[in-house]
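Being a predicted model, the structure only gives us computed values, none of them experimental. In what follows, chains are A, B, ... by sequence order, proteins preceding strands, each numbered from 1.
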Amino acid sequence: MPWFGMDIGGTLVKLVYFEPYDILSEESQEAETLSKIQHYLKSNSAYGATGKRDAHLQMDNVEIQGHVGTLHFIRFPTSEMRVFLELAKSKGIATLASTVCATGGGAYKFEEDFKREVNLELHKFDELDSLICGIHYIEANCEEECYYFNNPLNEELCEKKHFDFSNPYPFLVVNIGSGVSILAVYAPGHYKRVTGTSLGGGTFLGLCCLLTGCETFEEAIALAEMGDSTKVDKLVRDIYGGDYPKFNLQGDTVASSFGNMISKDRVGAASKEDLARATLVTITNNIGSIARMCAVNEGIVKVVFVGNFLRVNPISMKLLAYAMDFWSKGTLKALFLEHEGYFGAVGCLMELMKTGC
Amino acid sequence: MKMTSSQTGARSIVLPEQNSVFRNLKNVKRFAIDIGGSLTKIAYYSTVSYKRASYDFHEETKEGKNDGVKYEMAETDVEGARLHFVKFETKHIETCLSFIQQNLVGSRDFMQGKTIKATGGGAYKYTDLLTSTLGLTVDKEDEMECLIKGCNFLLKNIPDEVFQYRRHGNPEYKFSSLDPNVFPYLLCNIGSGVSVMKVESESSYERIGGSAMGGGTFWGLGSLLTNAEGFDELLELAEKGDHRNIDMLVKDIYGGDYCGMGLPSDLLACSFGKAIHSIRDTNFNRGHFEDGDIARSLLFMISNDIGQIACLYAMMHGLTRVYFGGYFLRGLPLSMHTISFAINYWSKGKVQALFLRHEGYLGAIGAFLKGAEEDDTEKYSWGENYAGSSGLRSPIPAQLSSQNNAMFHQLEMDRFDWQLVHCPLLQDPSNYFPDTVDLTQDTEARKYWLQCFEDAIDKFVDRAIKSQPHHVDAQERAEKFCKKYVSRLHHLRCHPFAYGSLTVRSLLDMREHCLNEFNFPDPYLQQKRMENEQALKVLSQKLKELDEMTWEKRQEALVVGLLAGNVFDWGAKEVATLLETSDFGFEEALGKLQARPWLCDNLDQWIERLRNHSHKCAAIFVDNSGMDVVLGVMPFARELIRRGTKVILCANSKPALNDVTVQELNVLMPRIGAVCDDIQQAFTEGSLVVVDSGQGSPCLDLSRLNVKVAEEMHHLGTDLILLEGMGRAIHTNLNTMFTCEVIKAAVLKNRWLANRLGGVMYSVIFKYERPS
């Protein structure tokens, strides 16, 4: 019985762990090891310097293959893969099972390391199959999973509202990890990858690291929250002095991202925070624009944004919500899911169930 | 066309200016300017007067005394119109404007109080400078409108304007034919940001969207992240860098290809992904990257994104053609490749990324046209003057002041005094390519022809000098012509795409343009006249011989005569030597012809066809003067006329080699009529007409035909086309399909070409085709 599902991405590893309530009562070597691991996982919400457990996402009393238990959600940077392997070794994970389900690019890249370091076979699953499967599972088991924003850019009137996703088809999934994949889902098991872009969460963080010297996603987001992107970007009004009615462009529309940074004076006036905010806005708007056109081209109105780029990142979510609505004249709806980046990891655990191993 | 007569040799010809940029400022009539953040484009209209040979008729013609007829050559100054577009870095704007101001000479007062149309972001900033330097009132024009106007103008007037870029492809630059259906298209203008316009007709367009990720993003982020000073330095850096040091590729995430999704290992997965600092595992992202790597990664990120967004807009609106303009591209292969790759990848080949040879000039052209509406600029057709234009990515260095050296790009366009249209009888006008061989693709042919044209240059220099015995500076000008043309040939060896597709036709045209540039309008004038006279002397005898033959013999003799006439070609080096050194006549030419069966021999089918009903109207595109037109074409035409077929004789409007021009043909017609009643009668009745083809080349571009020819073809119901000679039937149009019957007849007078086509010197091509 596999208890773990892993999604090893370009920057983050997403790990879900299923804690069955029943097995713990058994007297066996497996139960003993499990309880040891569980104790370690549950008594901490941080592992090493960078591993985190998202306790608020934890799902209790869910059923997986006849067992009832709790799903735990853990993440750590892909750069810490070796540290994780050491930990896994010391906690005896290797004795628990001979296979771990994994998806994401790292499932291929680190396959050898798993074999060598902890003698584990990786059971690899397709990334997109897992993603879709995970969304279905969580949506079915978690009541308040899907939501949207009303008045996203109005500080006073903005509200997060639950969305009933029980009748979802067709919908677009925009998965923003390091890069971005966009999928059109027509029915259970029937989906296609529409497009993708290399400008994703990894680009945001990479550029922020270079521009501000920050080191983590949280830091970058914190900087962005305090910044003002209009000092960095060139707006329509910077070129035309106001709105450009001929093309129906409002004065505060961004005409050129980072366009003001070609002048030395403007560079001097822009702070680290402004640069971080501009980076966030640039990447977010670009994703929004591509997602919107894909939705129109596919004739789909529900656009679901997932991926860890959205974690602790209400700025981007609200921007996306606004952009979808504004540029489509209200015909498109941006939807978000609470478990943002964990669908791949959950999905690959489910996928294994399907295969019956 | 305005003509002011002046006597031959009465005054010396003013030498062309030493400066090769901002030419002919003394005859400027109007300016326009497009000032961008990095590049400025100045447009102006000037009148050029050049020498054109013409004829003075003498009364004897009317009296019909054949041998006493005098028609003398005279040179006249012809006034033409030329458009100049000069592009340079905005930092040189003050120097350039001062230079213009100093060189306006007579026109400076003329400029006072006039307006200059201005567009581009810098139009506001430099208003005062424009007014104070040139004394012009600045009239600002909307940028997008100028861009679209400029784009439409280029698409209509410059053959080989549009190309697809294919790195490692053969050819690397694939030029499109001049498409009669320009609309609809998408114009993606990459300035600081990106604007996407859907253009549906000359006057209707719509901005359907855009993106903030554009040239300003590349420039702005590049300035923040590297030490580059300015846009050009960033581009230079990008060309040297390696983006793999900073971007995450599919293989960085997967360790190899991701076969499941069909993603190759080198595909970009996450731009700047490796720039993420790692706190502990220093082996994970080593972070060894330099300025060049950053610049290249930025260039890829932005080009890819633009390509993808343009493609999504195209698919959204069901369009397949996307043209790119704006300052970002600058013809940089790296950017063009990335955009093309993205569009091809995301549209699965359905949408085409198309680039323009003169994309940098769009705004300036449009602004100029805005101001030139009263000159009916758009009612005429225009053509690129190869002699005055710089090639693709081949700027001209120039020093405009003692402290200033700069690089300039230049485009010059000459006005045709008529409209050019596609031949109405082409089977597939949208995909019509005149040229049989594309020398940019065919390395062996390219090497041969470039060498062949260089080897032949001395004969042209000699001929040019001899054609102007009374001009003291003819020698000097001829040498300059030689130098310029040879340097162009050398340039084309390394940059075969500099002026569009390289073809035998473009090499011939460039030679004509360079000859004109140095005031040698018609070096073969005397030669052509002499040969016409010789041929006229024997025409009557020739016609009598034909009349004595049986019908079938005569049909064969007419075709053979047409081919024998075509041997007289001064453009073919080997034949030219023969013509120069021996007493070579029509009979000798007959003797040279390949015996039947010819290399391509459809004579029997043609004669079989003649047994059938007669054609309504034949359009004959004539070739050489002398034996060719008088003894080859005329008897052939007479036979058609006798069968009740109307005949259109299409001749060049401008001289090229010893090709008969329309002016010369008009002089010849009455004299031929005097010998031949049938021709005389048909000519008088209008069932035989002489039409100006609109061409000035030994080759024939049927996508740029004088509208008058198209009208005549339509009016007389042309159902047979005769293309005669190597230029019109072999180098061009050999494989062209028509909606009517066509004869392509030529004698191969180039050994190399003959061998290549599987024949020998003087092999005959007589291709008779019926529409499928």
Side-chain angles (χ1 to χ4, degrees), chain A residues 9-11 49-50 77-83 104-106 108-111 126-128 178-179 193 195 197-203 205-207 209-211 214-216 232-234 239 246-248 253-262 267 275 282 285-286 289-290 293-294 296-297, chain B residues 37 121 142 144 191-193 195 207 209-221 223-225 230-231 246-248 250-256 258 260-261 267-281 283-285 294 300-301 304-305 308-309 312-313 315-316 346:
Chain A
T11 30
T50 51
T78 308
S79 56
E80 306 285 303
M81 201 62 209
R82 282 189 179 81
V83 183
Y108 298 83
K109 190 175 171 183
F110 296 106
E111 193 173 10
D126 180 79
E127 195 169 339
L128 301 180
S178 309
R193 182 174 192 260
T195 193
T197 164
S198 69
L199 282 97
T203 313
L205 186 51
L207 279 174
C209 289
L210 293 178
L211 290 166
C214 72
E215 294 203 320
T216 65
V232 178
D233 294 340
K234 188 176 268 179
I239 302 175
K246 184 172 170 174
F247 291 140
N248 222 352
T253 306
V254 184
S256 170
S257 299
F258 286 85
N260 279 338
M261 297 296 96
I262 65 173
V267 171
L275 293 173
T282 301
N285 278 339
N286 194 63
S289 156
I290 291 173
M293 284 192 278
C294 287
V296 172
N297 283 346
Chain B
D142 180 77
M144 293 303 158
S192 311
S195 277
R207 185 186 190 275
S211 165
M213 187 91 74
T217 316
F218 174 67
W219 195 349
L221 272 173
S223 305
L224 291 169
L225 297 175
F231 189 80
I246 192 158
D247 287 344
M248 237 179 230
V250 165
K251 68 172 164 223
D252 293 316
I253 299 177
Y254 289 86
Y258 179 17
M261 236 190 288
L267 197 76
L268 196 49
C270 171
S271 298
F272 285 89
K274 286 189 196 158
I276 300 171
H277 296 169
S278 162
I279 303 160
R280 272 215 235 142
D281 190 346
N283 280 325
F284 184 71
N285 277 338
I294 295 179
F300 279 168
M301 173 175 98
N304 251 320
D305 193 56
Q308 182 172 19
I309 285 176
L312 283 166
Y313 275 115
M315 297 201 293
M316 208 155 141
W346 294 118

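Both the backbone and the side chain of A:I290 come within contact range of chain B, with heavy atoms under 4.5 Å apart. Within the 4.5 angstrom heavy-atom criterion, only side-chain atoms of B:I246, from C-beta onward, approach chain A. Looking at A:S289, the atoms closer than 4.5 Å to chain B (heavy atoms on both sides) all sit in the side chain, from C-beta outward. At a 4.5 Å heavy-atom cutoff, the contact between A:V254 and chain B is made by backbone and side-chain atoms alike. For A:E127, the parts sitting under 4.5 Å from any heavy atom of chain B are the backbone and the side chain alike. Of the atoms belonging to B:W346, it is side-chain heavy atoms, and not backbone ones, that fall under 4.5 Å from chain A. With a threshold of 4.5 angstrom between heavy atoms, B:F300 does not approach chain A through any atom at all. Heavy-atom distances place the side chain of A:N297, and not its backbone, under 4.5 Å from chain B.
Considering only heavy-atom pairs separated by less than 4.5 Å from chain A, the leading option among B:A212, B:G210, B:G255, B:G230 is B:A212. Ranked by heavy-atom pairs under 4.5 Å with chain B, the first of A:S256, A:G202, A:G206 is A:S256. The greatest number of non-hydrogen atom pairs below 4.5 Å with chain B, out of A:G104, A:G201, A:C209, is found for A:C209. Heavy-atom pairs under 4.5 Å with chain A peak, among B:D247, B:V250, B:D252, B:N304, at B:D252.
Rounding to the nearest 0.5 Å places CG of A:N260 at 9.5 Å from OG of B:S192. Here A:L205 contributes atom CG and B:F272 contributes atom CZ; the two are 13.0 Å apart, rounded to the nearest 0.5 Å. Atom CD1 in B:I294 sits 5.5 Å away from atom CG in A:L210 (nearest 0.5 Å). To the nearest 0.5 Å, atom CZ of residue B:R207 and atom NZ of residue A:K246 are 11.5 Å apart. Taken from OG1 in A:T195 to CD in B:Q308, the straight-line distance is 4.0 Å, to the nearest 0.5 Å. A distance of 5.5 Å separates CE of B:M248 from OG1 of A:T11, quoted to the nearest 0.5 Å.
Looking at heavy atoms from C-beta onward, B:L225 lies in side-chain contact with A:L207 at the 4.5 angstrom threshold. Residues B:L221 and A:L211 are in side-chain contact: their nearest non-hydrogen atoms beyond the backbone lie under 4.5 Å apart.
Counted by atom type alone, B:S271 and A:S198 present one or more donor-acceptor pairs between their side chains at under 3.5 Å.
Residues B:S223 and A:M261 share a closest heavy-atom pair of CB-O, 3.7 Å. Between B:G216 and A:I262 the shortest heavy-atom distance is O-CG2, 4.1 Å. Here the closest heavy-atom approach between residue B:Y254 and residue A:Y108 is recorded as O-CB, 3.2 Å.
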| message | Does B:I309 form a side chain to side chain contact (heavy atoms under 4.5 Å, CB included) with A:N286? I'd like the steps, not just the answer. | response | CA-CA 9 Å; B:I309 285 176; A:N286 194 63; 3.6 Å; yes

